[in-house]
Q: 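Starting off with a structure, shown below.
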Number of protein chains: 2
Amino acid sequence: MADQTLMDKLVSLAKRRGFVFQSSEVYGGLGSVWDYGPLGVELKRNVKESWWRAMVHAREDIEGLDAAILMHPKVWEASGHVSGFTDPLVDCRTCKARFRADKMAEARCPQKPSKAPGEHAACDLTEPRLFNLMFKTFMGPVEEQASVVYLRPETAQGIYVNYLNVLNATRQKIPFGIAQIGKAFRNEITPGNFIFRTREFEQMEMQFFVKPGTDEGWFEQWREQRMAWHHALGLSADRLRWHEHGPGELAHYAKAAYDIEYEFPFGWQEIEGVHNRTDFDLGRHQEHSGKKLEYFEQASGDRYLPYVVETSAGADRVALTVLVDAYREEEVEGEVRVVLGFDPAIAPIKAAILPLTKKDGLPEVAQGLYRDVRRRLPAFYDDGGAIGRRYRRQDEVGTPWCFTVDHDTLTDQTVTVRDRDTMAQERIAIDQVPQWLIDRLGMA
Amino acid sequence: MADQTLMDKLVSLAKRRGFVFQSSEVYGGLGSVWDYGPLGVELKRNVKESWWRAMVHAREDIEGLDAAILMHPKVWEASGHVSGFTDPLVDCRTCKARFRADKMAEARCPQKPSKAPGEHAACDLTEPRLFNLMFKTFMGPVEEQASVVYLRPETAQGIYVNYLNVLNATRQKIPFGIAQIGKAFRNEITPGNFIFRTREFEQMEMQFFVKPGTDEGWFEQWREQRMAWHHALGLSADRLRWHEHGPGELAHYAKAAYDIEYEFPFGWQEIEGVHNRTDFDLGRHQEHSGKKLEYFEQASGDRYLPYVVETSAGADRVALTVLVDAYREEEVEGEVRVVLGFDPAIAPIKAAILPLTKKDGLPEVAQGLYRDVRRRLPAFYDDGGAIGRRYRRQDEVGTPWCFTVDHDTLTDQTVTVRDRDTMAQERIAIDQVPQWLIDRLGMA
């Protein structure tokens, strides 16, 4: 299927079934801002929980943190964002459009969208001007320079300025990490591709503090770990690849940087970055705050500014990746079957309970099973329409298993389990259903 | 103990043990903005999870949502926030301080803080001016009126503008609810009391949509449910009370409003509100958007704007309530024992594993137990210092149970369980520890 068609279908399905809605839709929407609906919020929660478990709960050498979005403005002077977190913009005096000067080759003239991208021969462009990507606001009752604060453009700085607090409050020693999930904001000029590039987004970042000289080894370890996590989410291995930042791409603070890229319908794009940020950030904060941020290593007697290996993933991007990767269409008996083939661990609904008919006491038995299952797992009850149609409705939202209560259930106490991917059916005892699910989901 | 002393002790413990740090502390801090440290992030997660389970997962008639912080500015015109979400401010021409005109009786002169609150006899005050509490920012590259957007001052509006989307995407019928956890921002003039009143905060809100005429019954049901939730968190019943908004207090949109108040060291204060908001918000959005937001009730053929019963709690306030309520000091054998007596379900750490000594193979056995426990539950391993001191360290962060591996363990395969609250000790088989914990935590 054509790539744009796939994205259009996904956006449509996402709205229709309650994964993602456009923000403020009744007011015509707000550009590139999206809301997660009932299924989307559970999908994203599952992605974030998987990350938190892998990064915080499963590791003894990583601590969690939840820093505020608003931070002291000096943080962003020290980090270089106030002076350097900019895009060069040009205006067209003819069509009044605004473009990123470094992306002109991909830009289309809004008045002549049929023209090939980059064709701006007739355009009357201004010189590029630098535009800072940080959203600014004013804290306290007066709008003046002194009260300007920024919405953080990345969560990482909240970790740097707290690293000594965390060290002092815990029993950690270097090497150790701090992990955080939280919102960040960038006033992107050209957001787009659904929830891929949005002005408000959620990051899952981890900064790992190591002794200088050991950073390259840790960098390799973290590359391996992070790719393994994406594989464990069930993403197709052949649509994941590494992209190494070349000398021209490398940020000024980075010694090495690799992106994990996924092959979206709109091309290979970054979903996570692994960066060796050296002691750049801690050094800058030490300089700007005047506070010593060095670590004293008791075993060796060494005193040093730690190096930082950072893993930075976008929760919305991973959610989009999971949706794109899961989406497939199959022809079954002359009809198109749409399936979101989520890994069961991240599927918003784990099981659907369906009485074959609405009579003969089947709904009562099915309701009993439903209550039994949903005490432990997200489940859905559906008694409306033909059974085949109900299966399709569950396929479309990625429910791995459907349990059908039929007339045989009344005599032999078994139900049909129908598998989303194979569509194979088997009978199991009704009282075994919760345990059957728990076993398959690998819940202890 | 004096009330201010208690808050000071709590703030100090929160920093020292990693519950809450001041934001951007290395830069002198940012007023009334706080970061959650390793234990605080888990405590707050547990509070939010408890709410989400009770409001979304345990109920078939409530759907989850996660709307963005940035919304279309017309949302805030319709809701009345642009024109009416204001505080009256006065300036003092002498001392340059700024006060809320309606709180002058409690305000202290910053130049003469020793003076009684409200004493502003020598002050030269301006007339009150209205100050909007919404943080504003600019979306897109140009700062102009057309691009002003606000940081939402409440999560509720994200639910109102999405209510039809949620209805269409799910099988819900009225009465049903939509629940959401998310950040909101208010440019408070006088924030304070640690994480009680902050400019950036997290709300846990649920809007329940009902047929007009049934709203009073639902209002009573929700009052009951919400108070029961706070009790289930383990909060002291005698420090919780209802406060009914009198005619003078009632917001213009509300038909009835009750606050759940908790007795903090700084007085009785609201931690949650239950409001009958009638059809005010949906009516305003219908008017301002020009979109029909009515509900068609199939059974009766009625068409109406639903009434809304709202439950609105602050996640940070509940986290503070949990900390304050849990804090106690006891004299034990001539020493002060500090305990955070959290309900085990919300304690950040459920179990500590302690080898009695660092030799004779005890650490190896304890490490084995530790690994076994932490596969299922948040646990902590500590082999440093005298055992009594290690118990105290766990009491102070609210760990309900400590398991000590001693020399008897090597022969009889049992360990000592020590209870945080009673300090009673018993022996149980080492291989029974995970199940013992699971049983006590009521995990299925």
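Because the structure is a prediction, the values reported are computed rather than measured. So you know, we letter chains A, B, ... as the sequences are listed, proteins then strands, and number each from 1.
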Q: Does either side chain, that of Q22(B) or that of H72(A), offer a donor lying less than 3.5 Å from an acceptor on the other one?
A: no
Q: Given that the side chain runs from C-beta out, which part of R16(B) has a heavy atom under 4.5 Å from chain A: side chain, backbone, both or neither?
A: backbone
Q: Within the side chain of D35(B), is there an N or O that forms a donor-acceptor pair under 3.5 Å with the backbone of A68(A)?
A: yes
Q: Write down the atom of K15(B), the atom of N165(A), and the distance for their closest heavy-atom approach.
A: CE-OD1, 3.6 Å
Q: Can you say whether K44(B) sits under 4.5 Å from chain A via the side chain, the backbone, both, or neither, judging by heavy atoms?
A: side chain
Q: Please answer whether the main-chain N or O of K136(B) pairs with a side-chain N or O of T137(A) as donor and acceptor at a distance below 3.5 Å.
A: yes
Q: Between R45(A) and chain B, which part of the residue has a heavy atom less than 4.5 Å away: side chain, backbone, both or neither?
A: side chain
Q: Can you say whether E49(B) sits under 4.5 Å from chain A via the side chain, the backbone, both, or neither, judging by heavy atoms?
A: side chain
Q: Counting only non-hydrogen atoms closer than 4.5 Å, does A58(B) touch chain A with its backbone (N, CA, C, O), its side chain (CB onward), both, or neither?
A: backbone
Q: In terms of heavy-atom proximity below 4.5 Å to chain B, should Y160(A) be classed as side chain, backbone, both, or neither?
A: neither
Q: Rounded at 0.5 Å granularity, tell me how far OG1 in T170(B) sits from CG in L39(A).
A: 9.0 Å
Q: Measuring heavy-atom distances to chain A, does F380(B) have an atom under 4.5 Å in its side chain, in its backbone, in both, or in neither?
A: side chain
Q: Specify which of V166(B), V20(B), N132(B) makes the most heavy-atom pairs with chain A at under 4.5 Å.
A: V166(B)
Q: So which part of L89(B) gets closer than 4.5 Å to some heavy atom of chain A, the side chain, the backbone, both or neither?
A: side chain
Q: Of the backbone (N, CA, C, O) and the side chain (C-beta and beyond), which part of K74(B) lies under 4.5 Å from a heavy atom of chain A, both, or neither?
A: both
Q: Looking only at atom types and distance, does a side-chain atom of R374(A) sit under 3.5 Å from a main-chain N or O of H57(B), one as donor and one as acceptor?
A: yes
Q: For a quick test of reading the model, state the closest non-hydrogen atom pair linking A169(A) to R17(B) and the distance between them.
A: CB-C, 3.6 Å
Q: Heavy-atom distances under 4.5 Å only: say whether W52(B) touches chain A with side chain, backbone, both or neither.
A: side chain
Q: Do you know which of R171(B), R199(B), Q286(B) has the most heavy-atom pairs with chain A at a distance under 4.5 angstrom?
A: R171(B)
Q: So which part of R393(A) gets closer than 4.5 Å to some heavy atom of chain B, the side chain, the backbone, both or neither?
A: side chain
Q: I want to know whether H285(A) and Y27(B) have ring centres closer than 6.0 Å.
A: yes
Q: Select one option (side chain, backbone, both, neither) describing which atoms of L293(B) are under 4.5 Å from chain A's heavy atoms.
A: side chain
Q: Need one label for L65(B): side chain, backbone, both or neither, based on atoms under 4.5 Å from any heavy atom in chain A.
A: both
Q: Can you list the steps and then say if L151(A) with F135(B) is a side-chain contact (heavy atoms from CB on, under 4.5 Å)?
A: CA-CA 11 Å; L151(A) 306 191; F135(B) 280 94; over 6 Å; no
Q: Please flag which part of E42(B) lies under 4.5 Å from any non-hydrogen atom of chain A: side chain, backbone, both or neither.
A: side chain
Q: Taking side chain as everything from C-beta outward and backbone as N, CA, C, O, which of these in I69(A) sits under 4.5 Å from a heavy atom of chain B? Side chain, backbone, both or neither.
A: both
Q: Could you check if a side-chain atom of V26(B) sits within less than 4.5 angstrom of a side-chain atom of V75(A), using non-hydrogen atoms only?
A: no
Q: Heavy-atom cut-off 4.5 Å, strictly under: side chain, backbone, both or neither for Y381(B) against chain A?
A: neither
Q: If I measure from the heavy atoms of chain A, does Y370(B) come under 4.5 Å with its side chain, its backbone, both, or neither?
A: side chain
Q: How long is the gap from CZ on F21(A) to CG on N168(B), to the nearest 0.5 Å?
A: 8.0 Å
Q: Do E25(A) and V161(B) come within less than 4.5 Å of each other through their side chains, counting heavy atoms only?
A: no
Q: Who among E200(A), M71(A), K291(A) has the most heavy-atom pairs with chain B under 4.5 Å?
A: E200(A)
Q: Non-hydrogen atoms of chain A under 4.5 Å away: do they reach the side chain of R129(B), the backbone, both or neither?
A: neither
Q: Can you name the nearest heavy-atom pair linking E63(A) to P38(B), along with the distance?
A: OE1-CB, 3.2 Å
Q: If only atom types and distance count, is the side chain of N187(B) paired as donor or acceptor with the main-chain N or O of G140(A) below 3.5 Å?
A: yes
Q: Is M139(B) close to V33(A) at the side-chain level, that is, under 4.5 Å between some pair of heavy atoms?
A: yes
Q: Out of curiosity, S24(B) OG to L70(A) CG, how far, rounded to the nearest 0.5 Å?
A: 9.5 Å
